[in-house]
Amino acid sequence: MKVLVVGTGGRDHAIAWKFTRSPRVKEVFVAHGNAGIARTATCVNLRTIEEMADFAQRERIDLTFVGPEKPLSAGIVDLFQSRGLAIIGPDSRASRLESSKCDTKVMLRELGIPVPEFENFSDPDRARDYVRSVGYPVVVKADGLAAGKGSLVCDTVEDAEQSVRALMEERIFGDAGDRVDIEKRLYGRELSFFCFTDGTSVVPMVAAQDYKRARENDEGKNTGGMGSYSPHPWLTDSLVKTIMGRVAEPLIAGVREKYGIVYRGILYLGLMLVGEGADITPYVLEINIRLGDPEAQVILPRLRTDLVDVCEAILAGKLGATRPEWDPAYRLCLIATSGPTKGKKGWYKGYPDRYKIGLPIEGVDDIDPDCLVFHSGTEINASGKLVTTGGRVLCIVSSGSTLQQAREKALTEMEKVRFEGIYYRKDIGLE
Ligand code: GLY
């Protein structure tokens, strides 16, 4: 069969790689990919969802899998379905669960799913009055999509006022800041939890630990993710049961029964676990409609079941009969980013701030073939050289029977990769 993967990042490289492992798949296309993905699959330069649907029809693609949230929110699933093309991902109505933080919080509260106390605002003055009145630290969230950077965690009332100003008046994320969701800041343990769902049955995946901050010891700015590992030490069977029973299942059933939204594809719950043992409450901080990046890079290599079989079960509404199998060994993902470099007019601070692109990358072919290499921001330049094009450049995924073993392997292999200003966190997986 022929598969089309939509995406250009490390997560999307991991998805394409996983499909190449299926004995049922003859060819994998990726729209539009990058230099690393081109080593795994056939990259096709399709930029709009219409071009992708035309390609899928013309090439008789049997299955399309969407990596990022933007094409999902833009309605790629609705478009493909209207043309009778098989595609995995939530449709545009279901995608609102990620693209409107404000509406989603209201929906979750109405469904009785645990959420922090919150209020939504479209008027910055009223938002400021609110943060002055509540008497506890808050998180100010842009309503719309902001590349994972739209949640501003505030320590003080002044921080909160500044966040309201940045999102709603300076409009640092454009229209995404038309409205804000202001919620009580919770203290506990943060966990990303992933499920497959066909709109009725919900099947949990294994969990992964993501590292969002740019610098070691969880310092520095929020990023899309600097590394990850799986299995997750907190995810006991009893915690899985709690999250499924209190969040994942009531959410999928609730949006279907109360709002008529049939949510199919990947469900990614950003949770704050408050309390311990039997008293744990999994509060929903955010919902994403896709696999995480870099969580997918450690989760998919652990999936022993053919991803095509899982996708077919989702499409047929028969996921309830599927029990995906997982490799118990650790996987650890270490991301090399574009770090500080000197430019003509001074220093570039490096990802997630400004960084240089077009820098030649060496050493990738020397990495131990036991590791996986997934690219996020690379291309082949006019001289045929592999160069950087993004803040996150590429990652190495190592495996080991212990987390420590996987960590040491990834760090050793990363020493072989060289480009000007390369930066990676050395504490990924360090407990
Ligand atoms: N790693 C966080 C995300 O994918 O949103």
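Quick note: numbers below take in every heavy atom, side chains included, and nothing from hydrogens, waters or symmetry partners.
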I need the full list of ring pair (Phe, Tyr, Trp, His ring centres under 6.0 Å) pairs touching residues 22-80, with sequence neighbours left out, sorted by first then second residue.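 Sorted result for residues 22-80: Phe19-Phe65, Phe29-Phe55.
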Any pair with a residue in residues 212-250 that passes ring pair (Phe, Tyr, Trp, His ring centres under 6.0 Å), sequence neighbours left out, goes on the list, sorted by first then second residue, please.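 Residue pairs with at least one partner in residues 212-250: His232-Trp234.
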Are there over 12 heavy-atom neighbours, none belonging to Arg354, within less than 6.0 Å of that residue's CZ?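 Counting neighbours around CZ of Arg354, 12 or fewer heavy atoms of other residues, nucleotides or ligands fall under 6.0 Å, so no.
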Name all residues meeting the salt bridge (Lys or Arg N to Asp or Glu O under 4.0 Å) criterion together with Lys105; count only those two or more places apart in sequence or in a different chain, and write none if there are none.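 Asp181, Glu183.
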Quick one: which residue pairs count as a side-chain hydrogen bond (donor to acceptor under 3.5 Å, both in side chains) with a foot in residues 298-308, not counting sequence neighbours?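 Sorted pair list: Ser22-Asp306, Ser230-Arg302.
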Quick one: side-chain hydrogen bond (donor to acceptor under 3.5 Å, both in side chains) partners of Arg60, sequence neighbours excluded?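 Per chain and number, Arg60 pairs via side-chain hydrogen bond (donor to acceptor under 3.5 Å, both in side chains) with no residue.
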Without placing hydrogens or testing angles, list every side-chain donor-acceptor pair under 3.5 Å for residues 327-339, not counting sequence neighbours.
unit_1, atom_1, unit_2, atom_2, d
Asp327, OD1, Ala329, N, 3.0
Asp327, OD2, Arg331, NH1, 3.4
Asp327, OD2, Arg331, NH2, 2.9
Arg331, NH1, Ala329, O, 3.3
Arg331, NH2, Pro301, O, 3.4
Thr337, OG1, Tyr423, O, 3.0
Ser338, OG, Gly390, O, 2.7

Listed partners of [X] passing side-chain contact (heavy atoms from CB on, under 4.5 Å), at least two apart:
{"X": "Thr412", "result": "none"}
{"X": "Lys416", "result": "Asp366, Glu413"}
{"X": "Thr104", "result": "Leu97, Leu108, Ile287"}

For residues 252-262, which side-chain donor-acceptor pairs fall under 3.5 Å, sequence neighbours excluded?
unit_1, atom_1, unit_2, atom_2, d
Arg256, NH1, Gly199, O, 2.6
Tyr259, OH, Glu110, OE1, 2.6

Quick one: do Glu312 and Arg24 make a salt bridge, cutoff under 4.0 Å?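 A salt bridge links Glu312 with Arg24.
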Salt-bridge test for Asp427 and Arg213: reply yes if a basic N is under 4.0 Å from a carboxylate O, no otherwise.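 Result for this pair is no, no salt bridge flagged.
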Which residues share a ring pair (Phe, Tyr, Trp, His ring centres under 6.0 Å) with Tyr268, sequence neighbours left out: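 Once residues adjacent in sequence are excluded, the partners of Tyr268 under the ring pair (Phe, Tyr, Trp, His ring centres under 6.0 Å) criterion are Phe194.
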Could you pull out all residues at least two apart from Tyr263 that satisfy ring pair (Phe, Tyr, Trp, His ring centres under 6.0 Å)?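 Ring pair (Phe, Tyr, Trp, His ring centres under 6.0 Å) check on Tyr263 returns nothing, list empty.
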Is there a donor-acceptor contact under 3.5 Å linking the side chains of Ser192 and Asp210?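 No - no donor-acceptor pair under 3.5 Å links their side chains.
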